Amino acid sequence: MRNIMIENASLDELVSELKVIIKEVIESCDLSSPNESGRLLTRTEASELLNVSFVTLNKWNKQGVLPAFSVGTRVYYKWEDVEESMKRVA
């Protein structure tokens with residue numbers, strides 16, 4: 001953890017120090033392998049995991065069986081929701 005003196009620091013020094021701290025925090029996060037619980041799946045991934053068609057995914061979404069989320073024109077499913085659907089089917 002870095003120690004900085006806020007009382008005598010100029011605004012430029014504070015901004016510069018904050019940039020360094022933010023960069024260090026970002027670099028310390030392992031964003032390359034997110035845990036499954038926060039992962040979003042595409043329609044293709046969800047379809048393959050559940051072994052169902054896009055039509056079935058859309059039907060389940062409308063029925064509230066498997067909620068979907070749209071980002072622009074893309075549709076995503078939460079990993080937890082898909083996993084729960086797999087448990088119900090099994």
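Only heavy atoms go into these numbers, but all of them, side chains included; no hydrogens, no water, no symmetry mates. Everything numeric here is computed off the predicted structure, so don't read it as measured data. Nothing fancy with the numbering, it's 1 onward along the sequence.
Looking only at side-chain heavy atoms (C-beta outward), Trp60 and Asp81 stay at 4.5 Å or farther from each other. With a 4.5 Å cut-off on side-chain heavy atoms, Tyr77 and Leu40 do not count as touching.
Remark: Ser53 engages Val55, Thr56 in a side chain to side chain contact (heavy atoms under 4.5 Å, CB included) (not counting sequence neighbours).
Using modelled atom types, one side-chain atom of Glu45 and one backbone atom of Thr42 make a donor-acceptor pair closer than 3.5 Å. With hydrogens and angles ignored, the 3.5 Å screen pairs no side-chain donor or acceptor of Ser70 with any backbone N or O of Val75.
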Could you go through Tyr76 and Val71, starting from their C-alpha distance and side-chain angles, then the distance that decides it, and tell me whether this counts as side chain to side chain contact (heavy atoms under 4.5 Å, CB included)?
CA-CA 8 Å; Tyr76 296 96; Val71 178; 4.0 Å; yes

Check the pair Asn61, Leu66 against side chain to side chain contact (heavy atoms under 4.5 Å, CB included), reporting the backbone distance first and the verdict last.
CA-CA 5 Å; Asn61 177 251; Leu66 182 62; 5.9 Å; no

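Residues Leu41 and Val65 share a hydrophobic cluster, clusters being chains of Ile/Leu/Val/Met/Phe/Trp/Tyr side chains in contact below 4.5 Å.
The line from CD1 of Ile21 to OG of Ser16 is 10.0 Å long, rounded to the nearest 0.5 Å.
In terms of heavy atoms, Leu57 sits closest to Leu50 at CD2-CD1, 4.0 Å.
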